Amino acid sequence: MPELPEVAYQKKYADATILHKKIVKVETGDKKIYQSDKKDFEKVLQNNQFTGSERLGKYLFLNLEKNRCLVVHFGMTGKLEYYQHDEVPKYAQLTLTFEDYSRVSFTCPRKFGKLYLADSLTEFQKENNLGIDALALGKPEFFEILDGKTGTIKGLLMNQKLIAGIGNLYADEVLFQAKIHPTTKIDKLSEKEKQEIFKEIEKVLEVVKEARVEGKKLPDTYLTSVRKKGEDCPRNNGKIEQIKVSGRTTYFCPTCQKEKS
DNA sequence: TCGTGTGTTCAGGT
DNA sequence: CACCTGAACACACG
């Protein structure tokens with residue numbers, strides 16, 4: 001389930017399990033996961049160790065001792081699994097064994113995950129045209145990003161080149177909380193609505209991140225917990241509807257989120 | 001059985 | 001040219 005909040009959880013998980021241990025064995029999986037030669041990964045990781053981690057949008061950067069980093073993108077179903085036993089988990093695409101014989105696997109059943117080697121977060125961000133992290137976004141930058149755009153607001157929120165970290169689920173949540181219809185064209189938004197969306201980006205991501213990292217439940221005022229066609233709107237204003245926006249399944253409440261004419 | 005889907009990329013249209 | 005949309009990708013799951 002990896003949008004920004006879930007990746008924040010993976011970062012916490014990595015920090016608690018795999019730092020400062022020498023990697024003594026590297027096992028790689030399906031070639032399509034690896035964004036450069038698997039041999040390079042083996043060479044870089046073998047006898048190296050992780051010294052810390054960073055996050056940008058949906059990407060996790062595991063920094064290595066010698067100025068490089070392993071970059072993890074979780075796709076739709078990826079996650080890290082740390083364990084002490086011998087059998088490798090199902091769907092493991094990378095397994096590292098540490099000198100204390102504990103291990104970490106990157107598992108990814110649907111193979112939409114990706115692994116990269118990069119020099120630094122900044123270099124990777126530039127190289128891949130990633131936008132500013134959604135939690136580092138300031139109001140002036142957000143208004144700047146909206147300026148001159150003509151597409152749907154939901155499409156913009158999910159565009160990683162503009163804002164990094166928001167995916168399908170939380171784009172719906174932000175718009176539900178802000179009471180904006182997902183197909184609203186950006187150039188039709190009032191100043192007040194733009195402010196509201198900005199406010200809810202910060203709020204929703206903080207709340208969900210907190211919940212994911214601390215293992216708590218989401219508030220029941222959230223769309224995410226009833227994200228299903230025909231469910232009752234969390235504000236009790238009607239039934240949730242399902243449409244397609246920017247190619248993605250979209251849930252919203254037609255009463256709370258009125259369409260503009 | 002078959003449709004669906006939390007991810008990105010990329011071709012093609014405006 | 002910059003921007004936008006939607007199909008394609010691979011495969012588990014209900």
Side-chain angles (χ1 to χ4, degrees), chain A residues 1-11 13 29-36 55-61 71-81 89-94 106-116 118 124-125 127-131 133-134 144-176 181-189 201 204-205 207-209 211-213 218 222-231 240-252:
Chain A
M1 289 190 244
E3 295 183 37
L4 186 153
E6 289 79 19
V7 178
Y9 170 74
Q10 293 291 317
K11 171 172 159 49
Y13 184 80
D30 195 324
K31 203 169 143 223
K32 78 181 284 281
I33 306 289
Y34 292 83
Q35 303 305 300
S36 50
R55 185 192 56 71
L56 172 67
K58 304 172 189 172
Y59 293 84
L60 179 63
F61 296 76
V71 186
V72 184
H73 190 284
F74 295 90
M76 295 208 276
T77 54
K79 68 174 174 205
L80 295 174
E81 290 183 45
K90 218 174 169 188
Y91 311 120
Q93 295 297 343
L94 172 69
F106 172 62
T107 61
C108 187
R110 293 188 206 170
K111 296 187 183 174
F112 274 4
K114 287 186 176 131
L115 295 169
Y116 308 77
F124 186 85
Q125 179 171 26
E127 191 70 23
N128 292 279
N129 284 315
L130 288 170
D133 185 81
E144 179 87 2
I145 287 167
L146 293 176
D147 197 46
K149 300 292 195 299
T150 56
T152 64
I153 183 61
K154 173 159 178 178
L156 178 137
L157 290 177
M158 293 193 300
N159 186 340
Q160 304 300 302
K161 290 182 169 52
L162 301 174
I163 304 171
I166 305 175
N168 194 26
L169 246 59
Y170 303 131
D172 280 359
E173 190 64 70
V174 165
L175 293 173
F176 175 74
H181 192 284
T183 60
T184 309
K185 298 283 189 200
I186 294 152
D187 51 5
K188 294 280 192 292
L189 288 167
I201 290 174
V204 165
L205 290 180
V207 168
V208 181
K209 180 181 145 181
R212 294 294 182 244
V213 169
L218 289 180
Y222 268 44
L223 176 70
T224 307
S225 11
V226 295
R227 205 169 178 277
K228 213 170 149 195
K229 191 170 155 186
E231 287 287 303
I240 299 303
E241 280 189 15
Q242 184 199 56
I243 55 173
K244 285 262 184 205
V245 183
S246 281
R248 316 292 306 179
T249 308
T250 298
Y251 297 88
F252 70 105

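Values below: every heavy atom of this structure, side chains too, minus hydrogens, waters and symmetry copies. The model shown is predicted, which means the values in this text are computed figures rather than measured ones. Numbered from 1 within each chain, the chains take letters A, B, ... in sequence-line order.
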| said: By the 4.0 Å heavy-atom rule, please label Q242(A) as base, sugar-phosphate, or nothing. | reply: sugar-phosphate
| request: Could you tell me whether a side-chain N or O of E241(A) sits under 3.5 Å from a main-chain N or O of K229(A), the two making a donor and an acceptor? | output: no
| request: Please confirm whether the backbone N or O of L156(A) pairs with a side-chain atom of K149(A), one donor and one acceptor, at under 3.5 Å? | output: no
Pairs: protein N or O with nucleotides 10-14 of chain B N or O, under 3.5 Å:
none

| For the pair made of CG in L56(A) and P in dT8(B), what is the distance, rounded to whole Å? | 12 Å
| request: Return the minimal non-hydrogen interatomic distance between G113(A) and C108(A), and the atom names on each side. | output: N-SG, 3.2 Å
| field | Smallest separation among heavy atoms of K58(A) and P2(A), with atom names | value | CD-O, 3.9 Å
| said: Minimum heavy-atom separation for L130(A) and L56(A), please, with both atom names. | reply: CD1-CD2, 3.9 Å
| said: I want to confirm an ordering. Mapping L162(A) and K111(A) to their closest nucleotides on DNA chain C, which one lands closer to the 5' end? | reply: L162(A)
| note | Under a 4.0 Å heavy-atom criterion, DNA chain C is touched by chain A from dC4(C) to dA12(C)
| Whole-Å distance between dT6(B) P and E173(A) CD? | 14 Å
| OP1 or OP2 of dG5(B) under 4.0 Å from side-chain N/O of Y251(A) | yes
| query | At under 4.0 Å, does any side-chain N or O of H73(A) touch on OP1 or OP2 of dG7(B)? | reply | no
| note | K32(A) atom NZ is separated from dT8(B) atom P, nearest whole Å, by 14 Å
| For G155(A), which contact category applies under a 4.0 Å heavy-atom criterion: base, sugar-phosphate, or nothing? | nothing
| task | Answer yes or no: does atom NZ of K11(A) have more than 12 heavy-atom neighbours from other residues, nucleotides or ligands under 6.0 Å? | result | yes
| task | Check if the side chain of R110(A) and the base of dG5(B) share a donor-acceptor pair of N or O atoms closer than 3.5 Å. | result | yes
| said: What's Y116(A) touching, base or sugar-phosphate or nothing? Going by heavy atoms closer than 4.0 Å. | reply: nothing
| request: Taking atom CZ of F124(A) as the centre, report whether more than 12 heavy atoms of other residues, nucleotides or ligands fall under 6.0 Å from it. | output: yes
| task | Can you spot which of N168(A), I186(A), T183(A) makes a side-chain contact (heavy atoms from CB on, under 4.5 Å) with K154(A)? | result | N168(A)
| Taking every non-hydrogen atom, the tightest pair across F106(A) and H73(A) | CZ-O, 3.7 Å
| task | Look at the side chain of Q242(A) and the backbone N and O of F252(A), then say whether any donor-acceptor pair between them is shorter than 3.5 Å. | result | no
| note | DNA chain C in dot-bracket form (Watson-Crick or G-U pairs under 3.5 Å, [ ] crossing, | inter-strand) is .||||||||.||||
| query | Which part of the nucleic acid, if any, lies within contact of Y91(A), taking any heavy atom under 4.0 Å across all strands shown: a base, the sugar-phosphate backbone alone, or nothing? | reply | sugar-phosphate
| query | Could you state the CD1-C1' distance from I166(A) to dG7(B), rounded to the nearest angstrom? | reply | 15 Å
| To the nearest angstrom, how far is Q160(A) atom CD from dT8(B) atom P? | 5 Å
| said: What is the distance, to the nearest angstrom, from the CG atom on L205(A) to the P atom on dT6(B)? | reply: 17 Å
| message | Taking the P atom in each of dT9(B) and dA12(C), what is the distance between them to the nearest angstrom? | response | 23 Å
| query | Can you find a side-chain donor-acceptor pair between Q160(A) and Y59(A) that sits under 3.5 Å? | reply | no
| Between dA7(C) and dG3(B) - P atom distance, rounded Å | 15 Å
| query | Which one of I240(A), L169(A), V174(A) satisfies the side-chain contact (heavy atoms from CB on, under 4.5 Å) criterion with L223(A)? | reply | I240(A)
| request: Give the rounded distance in Å between these two atoms: CG of L60(A) and C1' of dT6(B). | output: 17 Å
| Under 4.0 Å: is that the gap between some side-chain N or O of K58(A) and OP1 or OP2 of dG7(B)? | yes
| salt bridge (charged side-chain N to carboxylate O under 4.0 Å, His left out) between R248(A) and D172(A), worked out | CA-CA 10 Å; R248(A) 316 292 306 179; D172(A) 280 359; over 6 Å; no
| remark: In whole angstroms, the gap separating P of dG5(B) from CE of M76(A) amounts to 10 Å
